[in-house]
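Keep in mind that the numbers below use all heavy atoms, side chains included, and drop hydrogens, waters and symmetry copies.
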Amino acid sequence: METNQRPYHLVVFGASGFTGQFVAEEVAREQVASGQSSSLPWAVAGRSREKLQRVLERAALKLGRPTLSSEVGIIICDVTNPASLDEMAKQAAIVLNCVGPYRFYGEPVVKACVENGTSCIDICGEPQFLELMYWKYHEKAAEKGAYIIGSSGFDSIPADLGVIYTKNKMNGTLTAVESFLTIHSGPEGLCIHDGTWKSAVYGFGDQSNLKKLRNEANLKPVPIIGPKLKRRWPLSYCRELSSYSVPFLGADVSVVRRTQRYLHETLEQSPVQYAAYINMGGITSVIKLMFAGLFFLFFVRFGIGRQLLIKFPWLFSFGYFSKQGPTQKQMDGSSFTLRFFGQGYSQGFGPEKGKPNTRICTQVKGPEPGYVATPIAMVQAAMTLLNDASDLPSMGGVFTPGAAFFRTKLIDRLNQRGMEFSVISSSEV
């Protein structure tokens, strides 16, 4: 990627936000880990110089780098001021956009980056925004040579790259994958900042527009190889993991399906069917979730209900979401495991000869998903854009992580940073 003409390789936009502060810290950590302190010029960007300065000072203290705040640039810009976004984009090779909800604040950043030939990575988990940006900006981004890559945090790099990893490790043709997410918490419990909650509230409250967008796209169906993957019940028991599970309602399914469409249409690869679930543990957790889910689905249908959900996240989420976000102890004690169960056909065997005859189980394990794994994934995606240019799609455009990075060393980079991809088992049936 061309960086010679830009003062900064990376700019973290929204660095003073809850997630943005951890992304800025991760960029500083990456400088040390990769030995690129002098060759990775970067900056933080946002509305308040004082807040940005405090973020750098906290990172300097935490990482033992007293000179950090004087080494990092500060750019003042506001998502409501297009001229300031243009100025930021002109100074960066890649913008790491941490300002959400993206449905409200994401497009001006994408627009500024595309118009100025700047690549942009976000950590959006909102399918409507991600899909809309493709339809509006893909051709212009390709023309400008800008790579716009959404969902590059916990949503949805582990799922998207995990399916690709599973496909690469299977000795044959992978046709279908189910993933099961387990979130592990320590003695301090779990907590998620309410920014994620707001995105979910607005997303579920606007499902009709997502359906309308997909209907207008009128895409040709991707072929199904082998038996059609059956949907599980809204509440099902996973025997392999001895746990109850429910469908995972994040962006993973949308992102993985878009990647599989791209790989099939662009490279004629065999597409993989995909379904995502989240493990709830025992029956007590299931009952708690059912009550929270019923409250959520009822209130999210009405304007005043959405206002209540946003005003009182801790109450309506049964304590899982709060305006303060998790404590350091809660983050230190949390982790995730994403297990993939795949099926397909061994070499020389195919659908015309019967049912799938090969199974594989893989997993991605990592630290706390929202504010440790997400910054790691985002920063390593950016480092891959900078360093693996010859392995990226030949032209710019709007891409999923899997479409952009399937040929690159991103999985190796993640493995080195504590997000471990591994094969659990593989066998012919």
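Trp135 and Glu216 form no side-chain donor-acceptor contact under 3.5 Å, judged by distance and modelled atom types alone. Side-chain atoms of Asp78 and Thr80 include a donor-acceptor pair closer than 3.5 Å. Residues Ser245 and Arg232 have side chains that never bring a donor and an acceptor to within less than 3.5 angstrom of each other.
Looking at heavy atoms from C-beta onward, Gln260 lies out of side-chain contact with Val222 at the 4.5 angstrom threshold. By the 4.5 Å heavy-atom criterion applied to side chains, Ile148 and Tyr137 are not counted as neighbours. Put simply, the side chain of Ile164 does not reach to within 4.5 Å of the side chain of Lys167, judged on heavy atoms. With a 4.5 Å cut-off on side-chain heavy atoms, Met419 and Pro367 count as touching. The closest side-chain heavy-atom distance from Leu385 to Ile149 is below 4.5 Å. For the pair Arg58/Val55, a side-chain contact is recorded, criterion being any heavy-atom separation below 4.5 Å from C-beta on. Contact check for Pro223 versus His264: side-chain heavy atoms found under the 4.5 Å cut-off.
The closest donor-acceptor contact from the side chain of Glu126 to the backbone of Arg103 lies under 3.5 Å. A distance-only check finds no donor-acceptor pair linking the side chain of Thr182 to the backbone of Asn279 [under 3.5 Å]. Proximity of a side-chain donor or acceptor of Ser156 to a complementary backbone N or O of Ala159 within less than 3.5 Å is not detected. Side-chain N or O atoms of Thr175 include one that pairs as donor or acceptor with a backbone N or O of Gln343 at under 3.5 Å. Here the side chain of Gln91 pairs a donor or acceptor atom with the backbone of Glu87 at under 3.5 angstrom. Asp388 contributes a side-chain N or O that, together with a main-chain N or O of Lys409, makes up a donor-acceptor pair within less than 3.5 Å. The main-chain N or O of Gln128 is never found under 3.5 Å from a side-chain atom of Arg214 such that the two would form a donor-acceptor pair. Of the possible donor and acceptor atoms, one in the side chain of Ser152 sits under 3.5 Å from a partner among the backbone N and O of Gly150. Panel note: side chain Trp197, backbone Leu309; a donor-acceptor pair is recorded below 3.5 Å. Asp155 contributes no side-chain N or O that, together with a main-chain N or O of Ser151, makes up a donor-acceptor pair within less than 3.5 Å.
The nearest pair of heavy atoms linking Met133 to Val398 is O-CG2, 3.7 Å. Nearest heavy atom pair, residue Lys90 against residue Pro7, reads O-CD, 4.4 Å. Across every non-hydrogen atom of Ala59 and Leu68, the tightest pair is CB-CD2, 3.8 Å.
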Audit row: Val110, Phe129, side chain to side chain contact (heavy atoms under 4.5 Å, CB included) steps and yes/no = CA-CA 11 Å; Val110 171; Phe129 171 80; 4.1 Å; yes

query = After noting the C-alpha distance and the side-chain angles of Phe341 and Ile360, does the key distance pass the side chain to side chain contact (heavy atoms under 4.5 Å, CB included) rule?
reply = CA-CA 6 Å; Phe341 295 97; Ile360 186 170; over 6 Å; no

request  = Test side chain to side chain contact (heavy atoms under 4.5 Å, CB included) on Gln269 and Phe406 and set out the steps.
outcome  = CA-CA 12 Å; Gln269 291 190 13; Phe406 75 98; 4.1 Å; yes

Intermediate values then yes/no, ring-ring contact (aromatic ring centres under 6.0 Å, His included), Phe340 and Tyr165 = CA-CA 10 Å; Phe340 299 85; Tyr165 176 84; 8.5 Å; no

query = Run the side chain to side chain contact (heavy atoms under 4.5 Å, CB included) check on Asn97 and Tyr102 step by step: do they pass?
reply = CA-CA 9 Å; Asn97 183 17; Tyr102 290 89; 3.6 Å; yes

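A 6.0 Å sphere centred on CZ of Arg261 holds more than 12 heavy atoms belonging to other residues, nucleotides or ligands. Counting heavy atoms of neighbouring residues, nucleotides and ligands inside a 6.0 Å radius, atom CD of Glu139 does not exceed 12 of them. The number of heavy-atom neighbours closer than 6.0 Å to NZ of Lys51, taken from other residues, nucleotides and ligands shown, is 12 or below. Within 6.0 Å of the CG atom in Leu219, the count of heavy atoms belonging to other residues, nucleotides or ligands exceeds 12. Around atom CD of Glu268, no more than 12 heavy atoms belonging to other residues, nucleotides or ligands sit under 6.0 Å away.
Note: Phe22 and Phe18 have perpendicular aromatic rings, judged against thresholds of 30 and 60 degrees for the angle between ring planes.
The aromatic ring centres of Phe154 and Phe336 sit less than 6.0 Å apart.
Evaluated for a ring-ring contact (aromatic ring centres under 6.0 Å, His included) with Phe316, the options Phe298, Phe296, Phe299 yield exactly one hit, Phe299. No option in Asn387, Ile376, Val379, Thr408 other than Asn387 meets the side chain to side chain contact (heavy atoms under 4.5 Å, CB included) test with Arg413.
Listed by first and then second residue, the side-chain hydrogen bond (donor to acceptor under 3.5 Å, both in side chains) pairs involving residues 364-379 amount to none (not counting sequence neighbours).
For Glu240 and Arg339, the salt-bridge test fails: no basic side-chain N is under 4.0 Å from an acidic carboxylate O. The pair Glu26-Arg417 does not count as a salt bridge, with every side-chain nitrogen at least 4.0 angstrom from each carboxylate oxygen. Using a cut-off of 4.0 Å between Lys/Arg side-chain N and Asp/Glu carboxylate O, Arg258 and Glu131 are scored as not salt-bridged. A salt bridge links Glu25 to Arg29: at least one charged side-chain nitrogen sits closer than 4.0 Å to a carboxylate oxygen. Ion pairing of Lys220 with Glu265 is absent here, as no side-chain N (NZ or NE/NH1/NH2) approaches a carboxylate O to less than 4.0 Å.
The side chain to side chain donor-acceptor pair (under 3.5 Å) search around Thr337 returns His184, not counting sequence neighbours.
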